[in-house]
S.K.: 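Take a look at this one; I'll ask things after.
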2 protein chains.
Amino acid sequence: MKLWEENIRRVVPYTPGEQPAGESIIKLNTNENPYPPALGVKKAMQDMDAGRLRKYPDPAAQSLVGCLADYYGVGQDQVFVGVGSDDVLATAFLTFFHSGKPVLFPDISYSFYPVWADLFRIPYETPALDESFGIRAEDYYKSNGGVVFPNPNAPTGLFLPLSQVEEILRHNQDAVVVVDEAYIDFGGTSAVGLTRRYENLLVVQTFSKSRSLAGLRIGFAIGHKDLIRALNDVKYSYNSYTMNIPSLILGVEAVKDEAYFCGTLEKIMATRERAKARLKGLGFSFPDSQANFIFASHKQAPAGELFQALRENQIYVRYFKQPRLENYLRITIGTDEEMDKLFAFLESYLK
Amino acid sequence: MKLWEENIRRVVPYTPGEQPAGESIIKLNTNENPYPPALGVKKAMQDMDAGRLRKYPDPAAQSLVGCLADYYGVGQDQVFVGVGSDDVLATAFLTFFHSGKPVLFPDISYSFYPVWADLFRIPYETPALDESFGIRAEDYYKSNGGVVFPNPNAPTGLFLPLSQVEEILRHNQDAVVVVDEAYIDFGGTSAVGLTRRYENLLVVQTFSKSRSLAGLRIGFAIGHKDLIRALNDVKYSYNSYTMNIPSLILGVEAVKDEAYFCGTLEKIMATRERAKARLKGLGFSFPDSQANFIFASHKQAPAGELFQALRENQIYVRYFKQPRLENYLRITIGTDEEMDKLFAFLESYLK
């Protein structure tokens with residue numbers, strides 16, 4: 001090894017889901033929204049002034065921050081935006097988990113958490129989910145350097161009731177608690193309201209799932225203004241201008257169209273409930289998802305084989321080859337038509 | 001102070017230049033390009049499919065990486081892209097400056113360097129520029145944890161000849177040397193060719209200046225594939241999908257149109273040389289800039305007062321209130337028309 005190579009920060013990077021291209025593919029592997037973004041997004045895109053791109057964007061992302069503050073009924077100084085919720089969460093890890101004490105997150109949850117912890121040399125512990133994949137609030141009552149968990153959890157889809165979230169907050173007044181609500185709009189209840197009472201609570205959400213804008217990379221956090229200020233200080237110490245002009249303009253349009261947003265969510269939730277019934281009929285079992293995916297295991301067919309068979313038939317789902325998860329598939333809720341093709345394949349495959 | 005606040009990473013953030021809005025403003029404060037991006041950018045923007053935004057972008061940014069690799073005649077595994085060169089440089093700091101030994105950069109250079117070093121707790125030393133604001137190559141021959149400098153330097157605009165850059169590389173085979181070429185296209189010679197011989201050299205450039213796309217946030221690095229792999233590992237440990245779909249699509253268009261690119265550069269360089277003559281005539285002195293700005297000091301008028309007077313007249317330039325720089329203004333090269341308004345104001349103000 002060359003000498004300069006010895007000083008490189010070594011990390012084991014996160015592996016994102018595949019992004020296969022092609023019209024015939026049924027892509028149910030990265031929890032994208034099967035419906036396009038609101039019509040206003042398309043219109044604003046066509047109206048965008050290319051000449052404006054020569055200038056830097058607003059580093060404070062005022063337009064987007066302001067519209068999110070209005071939408072969630074919080075102050076503008078309580079909203080932070082970033083390049084997807086990954087950027088927001090990574091910045092939160094870097095900013096808040098700096099005590100030297102271990103940060104706590106579930107053993108089964110978003111697989112990026114241990115990657116960020118390793119990257120920033122943050123110690124961590126991972127309390128195990130219970131037998132039915134549930135988070136046990138009491139596991140988070142011990143001394144720690146911070147707490148983070150997805151709600152609903154991924155890849156299980158299980159929603160932890162707000163009363164339990166509040167119990168975790170009550171027991172953790174001295175550390176920052178991050179609730180990662182990437183999937184909250186699909187049936188859960190957001191903890192945003194709790195930010196009024198718990199100034200150490202940071203709620204993180206994304207435009208990538210419920211708002212059909214994974215391709216734009218927009219995530220945000222809501223919390224007490226002191227938390228937001230600290231996040232912004234770190235952001236301004238890393239990259240002053242994270243949100244580009246298309247994100248700022250188009251993101252606002254996605255928030256504006258409440259009717260389209262709710263309509264899309266209802267369609268996805270209806271498809272999900274229908275999918276639960278069909279999958280059960282086919283011999284699958286799964287935690288009762290409140291997200292836009294179902295984490296399903298079949299009583300006979302091994303998940304690894306099923307994953308391969310689906311893939312060969314142009315149906316992409318997500319498979320995590322790791323303890324406790326290795327017999328499950330995470331299936332994103334697509335359109336009814338896409339799901340029907342999935343069920344048809346499963347029906348013939350499992351026969 | 002609340003207990004959870006004690007564990008926050010404290011930083012002194014970088015202060016970006018103001019982004020005032022308004023048609024009548026002459027904005028010469030953040031080194032933006034006065035000309036719009038290539039026509040293909042506008043066309044591609046109008047043709048963009050809003051429906052595509054529901055899906056994640058390609059995490060490897062293949063289209064953009066491929067077109068940059070072709071343009072610079074290097075392998076695809078030798079190109080890294082990020083959200084502006086700030087993201088690329090910050091990732092390079094995090095990845096390569098991990099030895100515990102001090103990193104070296106000039107005392108007067110891009111003011112983000114000490115901010116990144118502080119953020120990531122990287123020790124650093126800042127050799128002083130010489131009397132005429134020049135980088136002394138020999139200051140970088142001592143033991144260090146890495147070297148980084150802008151070329152041309154900012155805010156001075158001075159270009160360090162490649163022979164000197166190579167001397168710095170020759171004396172630093174055991175650490176990574178980052179040459180930050182944000183302004184290289186305005187008259188300097190890029191060190192990209194040296195990456196063939198020095199595998200510890202990382203050259204960083206941006207679309208924000210010469211390619212008129214500050215609003216899109218695109219930066220890139222070229223270097224040996226082992227350097228690029230290390231950068232990508234850290235990037236994938238932070239945020240898998242940094243480049244959004246508009247950046248990927250529109251960035252490619254900006255690289256394609258070589259004729260427009262060269263034409264724009266020639267116009268800006270011609271305006272710069274004309275500006276040098278006019279400023280000299282008005283009693284200013286300045287290092288001989290090879291960038292799209294001039295760092296000028298007047299023999300009588302104090303820079304701080306001049307800055308204010310310009311500002312009150314809707315002309316924004318950049319003023320750094322710090323030792324050795326406090327009597328200088330950094331003036332971005334605008335259109336001929338904008339510069340004429342600046343000269344007219346200066347002429348009447350200095351009378």
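In the text below, chain A, chain B and the rest are named by the order of the sequence lines, each starting its count at 1.
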S.K.: Please classify the contact of Y14(A) with chain B as side chain, backbone, both or neither, using a heavy-atom distance under 4.5 Å.
M.R.: both
S.K.: Which atom pair, heavy atoms only, marks the closest approach of F112(B) to Y236(A)?
M.R.: CZ-O, 3.4 Å
S.K.: Quick one: of D58(B), V176(B), T30(B), who has the most non-hydrogen atom pairs under 4.5 Å with chain A?
M.R.: T30(B)
S.K.: Taking all non-hydrogen atoms of both residues into account, name the closest pair between P246(B) and G215(A) and its distance.
M.R.: CD-O, 4.1 Å
S.K.: For Y35(A), is it the side chain, the backbone, both, or neither that has a heavy atom closer than 4.5 Å to a heavy atom of chain B?
M.R.: backbone
S.K.: If you measure from OG1 on T95(A) to CG on N7(B), what distance do you get to the nearest 0.5 Å?
M.R.: 12.5 Å
S.K.: Side chain, backbone, both or neither: which part of F96(B) has an atom under 4.5 Å from a heavy atom of chain A?
M.R.: both
S.K.: For the pair W116(A) and S237(B), evaluate side chain to side chain contact (heavy atoms under 4.5 Å, CB included) and give the outcome as yes or no after the intermediate values.
M.R.: CA-CA 6 Å; W116(A) 288 317; S237(B) 302; 5.8 Å; no
S.K.: When you measure from the side chain of R9(A) to the backbone of L94(B), do you find a donor-acceptor pair of N or O atoms at a distance under 3.5 Å?
M.R.: yes
S.K.: Heavy-atom pairs under 4.5 Å with chain A are the metric here; pick the option from A175(B), A230(B), A214(B) that has the most.
M.R.: A214(B)
S.K.: Between S247(B) and N244(A), does a side-chain hydrogen bond (donor to acceptor under 3.5 Å, both in side chains) hold up when you go through it step by step?
M.R.: CA-CA 8 Å; S247(B) 289; N244(A) 70 11; 3.0 Å; yes
S.K.: Looking at the rings of Y238(A) and Y238(B), which for Trp means the six-membered one, are their centres under 6.0 Å apart?
M.R.: yes
S.K.: Counting only non-hydrogen atoms closer than 4.5 Å, does E199(B) touch chain A with its backbone (N, CA, C, O), its side chain (CB onward), both, or neither?
M.R.: both
S.K.: Please state whether the side chain, the backbone, both or neither of K43(A) comes within less than 4.5 Å of a heavy atom of chain B.
M.R.: neither
S.K.: Given a strict heavy-atom distance threshold of 4.5 Å, which part of T91(A) is in contact with chain B: side chain, backbone, both, or neither?
M.R.: both
S.K.: Do side-chain atoms of R54(B) reach the backbone of N33(A) as a donor and acceptor pair under 3.5 angstrom?
M.R.: yes
S.K.: Identify the two heavy atoms, one from Y56(A) and one from K209(B), that lie closest to each other, and give their separation to 0.1 Å.
M.R.: OH-NZ, 2.7 Å
S.K.: Would you name the heavy atoms of R121(B) and H98(A) that are closest together and state the gap between them?
M.R.: NH2-NE2, 3.4 Å
S.K.: So how far is it from Q19(A) CD to Q62(B) CD, rounded to the nearest 0.5 Å?
M.R.: 13.5 Å
S.K.: Do you know which of A50(B), P13(B), G145(B) has the most heavy-atom pairs under 4.5 Å to chain A?
M.R.: P13(B)
S.K.: Could you walk me through whether N200(B) and W4(A) pass the side chain to side chain contact (heavy atoms under 4.5 Å, CB included) test, one step at a time?
M.R.: CA-CA 7 Å; N200(B) 58 326; W4(A) 58 264; 3.7 Å; yes
S.K.: Locate the shortest heavy-atom distance separating G51(B) from P36(A); write the atom from each residue and the value.
M.R.: CA-CB, 4.0 Å
S.K.: Chain A: which of D86(B), T15(B), D174(B), L248(B) shares the most heavy-atom pairs with it under 4.5 Å?
M.R.: D174(B)
S.K.: Against chain A, work out which of R52(B), M243(B), M48(B) has the most heavy-atom pairs shorter than 4.5 Å and name it.
M.R.: M48(B)
S.K.: Where does K27(A) contact chain B at under 4.5 Å (heavy atoms): side chain, backbone, both or neither?
M.R.: side chain
S.K.: If we define contacts as heavy-atom pairs under 4.5 Å, which of R211(A), K42(A), K55(A) has the most with chain B?
M.R.: K55(A)
S.K.: To the nearest 0.5 angstrom, please state how far the CD1 atom of I8(A) sits from the OG atom of S99(B).
M.R.: 11.5 Å
S.K.: Could you point out which residue of L53(B), D47(B), D49(B) forms a side chain to side chain contact (heavy atoms under 4.5 Å, CB included) with M45(A)?
M.R.: L53(B)
S.K.: May I ask you to name which of D226(B), L89(B), V41(B) has the most heavy-atom pairs under 4.5 Å with chain A?
M.R.: D226(B)
S.K.: Please answer whether the main-chain N or O of G84(B) pairs with a side-chain N or O of N239(A) as donor and acceptor at a distance below 3.5 Å.
M.R.: no
